[in-house]
Amino acid sequence: NTFWNAVARDRSYVIGGNSAGEHFGAPDKLSGRLDDKTCESCNTYNMLKLTRHLYQWQPDAAWFDYYERAHLNHILAHQDPQTGMFVYFVPLASGSQRLYSTPDTSFWCCVGSGMESHAKHGDSIWWRGGDTAYANLFIPSELTWADKKTKITQSGDILKAEPVTFTVTPQGKADFTLAIRVPKWADEPRLSVNGKDTQLLVKNGYVRVRRTWQAGDTVVLTLPHALKVETMPDNPRLAAFVKGPMVMAGDMG
């Protein structure tokens with residue numbers, strides 16, 4: 001936990017990645033370290049593993065506010081979708097560009113962890129604690145819960161500002177709690193159950209819906225989000241634009 005805080009809170013950049021040239025600096029002293037070697041990809045791979053481990057001990061949604069930012073903005077940006085090649089660093093200096101590996105002349109550590117990272121995008125969407133199913137990531141997916149003889153389907157694209165819909169399909173009826181993470185980036189989120197607006201009470205970052213579920217029951221979470229500005233902790237004149245969980249990038253040609 002102490003190490004996680006030292007990295008995620010004190011030494012991470014806006015995309016959730018950390019380090020410059022493979023080194024940490026002083027806490028919250030980041031603005032002078034922006035160059036073409038910020039955010040080593042292996043580091044974020046390891047931070048996501050650590051975050052999952054810590055979550056098992058302390059299931060608080062705040063862990064996944066960090067996880068989501070790093071997963072979407074660093075790990076997804078780590079691979080060239082056209083060639084499959086990987087980057088060592090995801091540079092954040094203005095005007096910098098990513099340098100990708102090649103099939104036969106470069107095989108960095110971040111290529112090895114990269115192959116694993118992109119096989120794990122379904123990892124950690126869903127968790128279970130007792131008779132509660134936790135939805136931590138907003139990725140379209142289907143959970144098969146054998147003990148409850150139930151399937152839960154998640155649909156909706158948050159990056160297109162679509163509501164997230166959970167459709168519950170038990171064999172007969174099933175009693176359990178569906179806990180959905182309410183992300184900190186959402187502005188005035190709204191909840192409905194079977195089309196009826198429902199009070200949204202958040203505890204430890206989750207809204208919980210407890211009921212006897214029947215086939216076709218739906219829970220819809222609407223997560224509005226506006227464009228926001230996030231500044232460097234040591235330089236308020238250096239900023240990034242963020243929309244929901246996504247950090248914006250300028251197309252500089």
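Note that the coordinates shown come from a computational prediction; the quantities given were computed from them, not determined experimentally. Along the sequence shown, residues carry numbers from 1.
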Discussion item. Looking only at side-chain N and O atoms, does Ser117 offer a donor or acceptor that is under 3.5 Å from a partner on Ser113?
Written reply: no

Response to the item:
ring pair (Phe, Tyr, Trp, His ring centres under 6.0 Å) test vs Trp127 passes for just one of Tyr134, Tyr55, Tyr206, namely Tyr55

Worksheet item: Do the non-hydrogen side-chain atoms of Pro183 and Leu223 ever get within less than 4.5 Å of each other?
Response: yes

Practice prompt. Evaluate the criterion side-chain contact (heavy atoms from CB on, under 4.5 Å) for residue pair Leu238 and Leu34; output intermediate values, then yes/no.
Written response: CA-CA 11 Å; Leu238 191 59; Leu34 284 178; 3.5 Å; yes

Discussion item. Distance check, rounded to the nearest 0.5 Å: Asp217 atom CG versus Lys173 atom NZ?
Written reply: 10.5 Å

Worksheet entry | Audit row: Val193, Arg211, side-chain contact (heavy atoms from CB on, under 4.5 Å) steps and yes/no | CA-CA 10 Å; Val193 179; Arg211 61 187 286 120; 3.7 Å; yes

Fill in: Leu30 CG to Asp234 CG distance, which is reported to the nearest 0.5 Å
6.0 Å

Discussion item. With a 6.0 Å cut-off (strictly less than), is the heavy-atom count around NZ of Lys148, excluding the residue itself, greater than 12?
Written reply: yes

Worksheet item: Rounded to the nearest 0.5 Å, what separation is found between the CZ atom of Phe176 and the CG atom of Asp147?
Response: 12.0 Å

Worksheet item: Which value, rounded to the nearest 0.5 Å, describes the distance between Glu142 atom CD and Trp145 atom CH2?
Response: 15.0 Å

Fill in: Pair Glu116 + Lys49, salt bridge at N-O below 4.0 Å
no

Discussion item. Between Arg190 and Leu200, is there a side-chain heavy-atom distance shorter than 4.5 Å?
Written reply: no

Worksheet item: Considering only heavy atoms from C-beta outward, does the side chain of Asp197 approach that of Leu191 to under 4.5 Å?
Response: no

Worksheet item: Taking all atoms of both residues into account, what is the closest heavy-atom pair of Asp28 and Pro233, and its distance?
Response: O-CG, 3.8 Å

Worksheet item: Between His225 and Trp185, what is the ring plane arrangement, given parallel below 30°, perpendicular above 60°, and tilted in between?
Response: perpendicular

Worksheet item: Is there a donor-acceptor contact under 3.5 Å linking the side chains of His74 and Ser41?
Response: yes

Practice prompt. Determine yes or no for a side-chain-to-main-chain donor-acceptor pair under 3.5 angstrom, with Asp187 supplying the side chain and Ala226 the backbone.
Written response: yes

Worksheet item: Would you find a donor on one side and an acceptor on the other, under 3.5 Å apart, between the side chain of Thr198 and the backbone of Lys196?
Response: yes

Worksheet item: Would a 4.5 Å heavy-atom cut-off, applied to side chains only, mark Pro245 and Ile158 as touching?
Response: yes

Practice prompt. Give every residue pair that meets the side chain to side chain donor-acceptor pair (under 3.5 Å) criterion with at least one member in residues 4-22, sequence neighbours excluded.
Written response: Asn1-Asn5, Trp4-Thr51, Asn5-Arg9, Asn18-Asn43, Ser19-Asn43, Glu22-Tyr88

Fill in: Thr102 side chain to Thr105 backbone, donor-acceptor under 3.5 Å
yes

Discussion item. Closer than 4.0 angstrom, basic N to acidic O: yes or no for Asp123 and Arg52?
Written reply: yes

Worksheet item: Just by distance, do the side chain of Trp63 and the backbone of Gln58 share a donor-acceptor pair under 3.5 Å?
Response: yes

Discussion item. Please give me the minimum heavy-atom distance between Ala77 and Arg98, naming the atom from each residue.
Written reply: O-NH1, 3.3 Å

Fill in: Lys120 atom NZ, neighbour heavy-atom count above 12 within 6.0 Å
yes

Worksheet item: At what distance, to the nearest 0.5 angstrom, does CZ of Arg181 lie from CG of Leu137?
Response: 6.5 Å

Practice prompt. Answer yes or no: is there a donor N or O on one side and an acceptor on the other, between the side chain of Thr83 and the main chain of Met85, under 3.5 Å?
Written response: yes

Worksheet item: What are the two closest heavy atoms between Met115 and Phe107, and how far apart are they?
Response: CE-CE1, 3.8 Å

Discussion item. Using 0.5 Å steps for rounding, measure from the CE atom of Met232 to the NZ atom of Lys29.
Written reply: 12.5 Å

Worksheet item: Would you say the side-chain atoms of Trp213 pair up with the backbone N or O of Pro170, donor to acceptor, closer than 3.5 Å?
Response: no

Worksheet item: Under 6.0 Å from the CZ atom of Phe241, do we count more than 12 heavy atoms belonging to anything else shown?
Response: no

Item to complete: For Thr222 and Pro189, indicate whether the former's side chain and the latter's backbone hold a donor-acceptor pair under 3.5 Å.
Response: no

Discussion item. With side-chain contact (heavy atoms from CB on, under 4.5 Å) as the criterion, how do Leu178 and Phe166 come out once you've worked through the C-alpha distance, each side chain's angles and the decisive distance to 0.1 Å?
Written reply: CA-CA 9 Å; Leu178 175 61; Phe166 298 87; 4.0 Å; yes

Worksheet item: Just by distance, do the side chain of Thr132 and the backbone of Gly130 share a donor-acceptor pair under 3.5 Å?
Response: no

Worksheet item: How about Asp251: does its CG atom have over 12 heavy atoms from other parts shown lying under 6.0 Å from it?
Response: no

Item to complete: Of all the heavy-atom pairs spanning Phe138 and Ile180, show the shortest one and how long it is.
Response: CE2-CG2, 3.9 Å

Worksheet item: Does His118 reach the side chain of Phe86, with side-chain heavy atoms less than 4.5 Å apart?
Response: yes

Worksheet item: Taking the side chain from Asp65 and the backbone from Gly205, do they hold a donor-acceptor pair closer than 3.5 Å?
Response: no

Worksheet item: What's the shortest heavy-atom distance between Val87 and Cys110, and which atoms?
Response: O-CB, 3.6 Å

Fill in: Geometric class of the His71/Tyr67 ring pair [parallel <30°, tilted 30-60°, perpendicular >60°]
tilted

Practice prompt. Report yes if the side chains of Asn136 and Trp126 come closer than 4.5 Å at any heavy-atom pair, otherwise no.
Written response: no

Worksheet item: Can you tell me if CD on Gln171 sees more than 12 non-hydrogen neighbours from other groups inside 6.0 Å?
Response: no

Discussion item. I'd like to know if the side chain of Asn194 and the backbone of Thr218 have a donor-acceptor N/O pair within less than 3.5 Å.
Written reply: yes

Worksheet entry | Derivation of the side-chain contact (heavy atoms from CB on, under 4.5 Å) call for Gln154 and Val164 | CA-CA 7 Å; Gln154 180 186 163; Val164 184; 3.6 Å; yes

Worksheet item: If we ignore angles and hydrogens, is there a donor and acceptor under 3.5 Å between the side chains of Asp36 and Ser96?
Response: no

Item to complete: Might you confirm whether atom NZ of Lys149 has over 12 heavy atoms from other residues, nucleotides or ligands at distances under 6.0 Å?
Response: no

Fill in: Close side-chain approach of Val242 and Met248, heavy atoms under 4.5 Å
no

Worksheet entry | Note, Val90 side chain near Ile15 side chain (heavy atom, < 4.5 Å) | yes

Fill in: Closest contact, heavy atoms only, Lys151 versus Thr144
CE-OG1, 3.9 Å

